[in-house]
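To start, the structure itself, in structure tokens.
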Amino acid sequence: MSIQKAYEKAKEIYSELGVDTDKALELLKNFTLSVHCWQGDDVGGFENSGASLDGGLAATGNYPGKARNPKELRDDMAKAFEFIPGIKKANIHAMYLESDSDKKIDRDEIEPTHFDGWVNWAKEQKTGIDFNPTYFSHPKASDGFTLSSSDESIRKFWVEHTKRCRKISEYIGKQTGIRSLNNIWIPDGFKDFTIDKTAPRERLMQSLDESISEKLDPAATGDAVESKLFGIGSESYVVGSHEFYLCYVMKNKQLLLTLDAGHFHPAEFISAKIATIMMFIPELLLHVSRPVRWDSDHVVVMDDELLAICQEIVRGDYGNRINVALDYFDASINRIAAMVIGSRNTLKAMLRAYLEPVELLKKAEADGDLTTRLALLEELKSYPFQSVWDYYCEINNVPVRDKWLADVKKYENDVLSKRI
């Protein structure tokens, strides 16, 4: 059966539940996914600082062909984008700056022009860029503390870095015409028993207050703060906890709260938090990852939690208030394939959510017909969403099913294999 005919049949089947597959595809077409650049180079960056990856982060594996410079990384991302339908943004860290000067540019010296290479590339790709200050892999973060450091000079350094990153994000948004989200995550915390849990958080709040004091163009940029349960080196106490940032965002309503799927207890899911949080804050940023027993940032697969996250976005009608970005780094497989797999799985999960008869399910629940609710949810698992996805790929000139893999393998043979 042709892809067109399979879609027409699926359309007929879904219509029996009152689901308009054409409308679902239109919604997916307008959904934006932010794809992280650090999958392409194992979170290395291009500062030439000589610092190794730290801050509780670890990229494992040594698969050949990782990007060694900005051009290679952008080429790899452009190749990955060829296989991902719909609207994509690139997500970059401050450590991916570029400079023509032989002088080392420290993080409290970075300027918007250091990201012109990314801006020009984004314009060619007709896409936007999200941004992240980089608080790890730096001598001034060697003791595990940045914005909450007890050393005032260290705090001052990182506050200046944050201020500059906010301006860079605004610059990117204005240059591309697409709002750039600036996400703040710090690794600060203690490895073992912590006596004074208050003072570091007071210092963090003071640093954040100073960092975000300048009002920027909300059409060009937005600031988000990201929590974590624990990290390597901060197993016992993390300054920027979920509770801290949740309260801080409620105090500063112009901020976004970031929920990372890997930053909570292994039995705790961000999908369960979305509906409550959205009652009290205007906008949310989600980092989609796959933790395996800890924040291990595995490539995203279409598991129950990914689907639950997407269902919450659709069921709550939060499409204009929730932003979705990927965040993982696997160096054990082809890095471009890793970008493609995670991106396509996230989009597939969004499509499955758009294909739910939400109003029918809500009515059954409101009427107390829990039998119908459960029966429909289970039967929907075997509905032909794959035929709808194949059709979406075809009309967007993106390879259907696994046909993209041959192109990635060819690119690996022609390009990646020559990187020594």
Taking [X] first and then [Y], would you say they form a salt bridge - that is, a charged N and a carboxylate O separated by under 4.0 Å?
{"X": "Arg290", "Y": "Asp297", "answer": "no"}
{"X": "Glu26", "Y": "Lys23", "answer": "no"}
{"X": "Arg164", "Y": "Glu160", "answer": "yes"}
{"X": "Asp260", "Y": "Lys228", "answer": "no"}
{"X": "Lys163", "Y": "Glu214", "answer": "no"}
{"X": "Lys381", "Y": "Glu378", "answer": "yes"}
{"X": "Glu98", "Y": "Arg74", "answer": "yes"}
{"X": "Asp76", "Y": "Arg335", "answer": "no"}

Would you please say whether a donor-acceptor pair under 3.5 Å links the side chains of [X] and [Y]?
{"X": "Tyr248", "Y": "Asp209", "answer": "yes"}
{"X": "Asn132", "Y": "Asn91", "answer": "yes"}
{"X": "Asp130", "Y": "Ser180", "answer": "no"}
{"X": "Asn120", "Y": "Glu124", "answer": "no"}
{"X": "Asn323", "Y": "Glu283", "answer": "yes"}
{"X": "Tyr411", "Y": "Asp75", "answer": "no"}
{"X": "Asp327", "Y": "His36", "answer": "no"}

Under 3.5 Å donor-acceptor, [X] side chain and [Y] backbone:
{"X": "Arg203", "Y": "Ser149", "value": "yes"}
{"X": "Arg155", "Y": "Leu204", "value": "no"}
{"X": "Asn252", "Y": "Gln254", "value": "no"}
{"X": "Asp188", "Y": "Thr146", "value": "yes"}
{"X": "Ser207", "Y": "Leu147", "value": "yes"}
{"X": "Asp41", "Y": "Gly45", "value": "yes"}
{"X": "Ser236", "Y": "Lys191", "value": "yes"}
{"X": "Lys88", "Y": "Gly86", "value": "yes"}
{"X": "Ser2", "Y": "Lys5", "value": "yes"}
{"X": "Ser234", "Y": "Tyr237", "value": "no"}

Atom [atom1] in [X], atom [atom2] in [Y]: separation rounded to 0.5 Å?
{"X": "Thr258", "Y": "Asn183", "atom1": "OG1", "atom2": "CG", "result": "3.5 Å"}
{"X": "Cys310", "Y": "Ile322", "atom1": "SG", "atom2": "CD1", "result": "10.0 Å"}
{"X": "Leu351", "Y": "Thr346", "atom1": "CG", "atom2": "OG1", "result": "12.5 Å"}
{"X": "Glu210", "Y": "Leu208", "atom1": "CD", "atom2": "CG", "result": "10.5 Å"}
{"X": "Leu181", "Y": "Ile172", "atom1": "CG", "atom2": "CD1", "result": "11.0 Å"}

With sequence neighbours excluded, give me every side chain to side chain donor-acceptor pair (under 3.5 Å) pair touching residues 266-280.
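Applying side chain to side chain donor-acceptor pair (under 3.5 Å) to every pair that reaches into residues 266-280, excluding sequence neighbours, yields Glu268-Lys273, Ser271-Glu305.
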
Would you check if the distance from the ring center of Tyr135 to the ring center of Trp185 is below 6.0 Å?
no

Are Phe190 and Phe230 an aromatic pair, judged by ring center distance below 6.0 Å?
no

Applying ring pair (Phe, Tyr, Trp, His ring centres under 6.0 Å), run through His114 and Tyr96 and close with a yes or a no.
CA-CA 9 Å; His114 294 139; Tyr96 289 91; over 10 Å; no

Taking every non-hydrogen atom, the tightest pair across [X] and [Y]:
{"X": "Ala24", "Y": "Leu355", "value": "CB-CD2, 3.7 Å"}
{"X": "Ala6", "Y": "Ser387", "value": "O-CB, 3.7 Å"}
{"X": "Ala338", "Y": "Ile333", "value": "CB-CD1, 3.9 Å"}
{"X": "Leu25", "Y": "Val388", "value": "CD2-CG1, 3.6 Å"}
{"X": "Ala261", "Y": "Pro291", "value": "O-CG, 3.6 Å"}
{"X": "Tyr328", "Y": "Gly342", "value": "OH-CA, 3.2 Å"}

Go through Glu202 and Gln206 one step at a time and tell me if the side chain to side chain donor-acceptor pair (under 3.5 Å) criterion holds.
CA-CA 6 Å; Glu202 290 176 337; Gln206 182 182 16; over 6 Å; no

What do the steps show when you test Asp22 against Tyr7 for side chain to side chain donor-acceptor pair (under 3.5 Å), and what is the final call?
CA-CA 10 Å; Asp22 289 338; Tyr7 172 71; 2.4 Å; yes

Of all pairs that satisfy ring-ring contact (aromatic ring centres under 6.0 Å, His included), the ones with a partner from residues 267-289, not counting sequence neighbours:
none

Below 30° counts as parallel, above 60° as perpendicular, anything between as tilted: where do the rings of [X] and [Y] land?
{"X": "Phe157", "Y": "His138", "value": "tilted"}
{"X": "Trp121", "Y": "Phe81", "value": "tilted"}
{"X": "Trp404", "Y": "Phe83", "value": "tilted"}

Criterion salt bridge (charged side-chain N to carboxylate O under 4.0 Å, His left out) on Glu111 and Lys167, from CA distance to verdict:
CA-CA 8 Å; Glu111 300 283 353; Lys167 296 292 287 183; over 6 Å; no

More than 12 heavy atoms of other groups within 6.0 Å of [X] [atom1]:
{"X": "Asp317", "atom1": "CG", "result": "no"}
{"X": "Asn320", "atom1": "CG", "result": "no"}
{"X": "Asp304", "atom1": "CG", "result": "no"}

From Phe131, Trp118, Phe329, Trp38, residue fulfilling ring-ring contact (aromatic ring centres under 6.0 Å, His included) relative to His93:
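Running ring-ring contact (aromatic ring centres under 6.0 Å, His included) over Phe131, Trp118, Phe329, Trp38 with His93 returns exactly one hit, Trp38.
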
Would you indicate whether the side-chain heavy atoms of Tyr392 and Asn396 approach each other to under 4.5 Å?
yes

Set out, in order, the CA-CA distance, both residues' side-chain angles and the distance that settles side-chain contact (heavy atoms from CB on, under 4.5 Å) for Lys174 and Arg179, then state yes or no.
CA-CA 8 Å; Lys174 288 182 176 180; Arg179 187 175 68 144; over 6 Å; no

Test His161 against Asp108 for side chain to side chain donor-acceptor pair (under 3.5 Å), laying out the working first.
CA-CA 4 Å; His161 175 66; Asp108 63 341; over 6 Å; no

Salt bridge (Lys or Arg N to Asp or Glu O under 4.0 Å) contacts touching residues 351-370 (sequence neighbours left out)
Arg315-Glu356, Lys363-Asp367, Glu365-Arg373

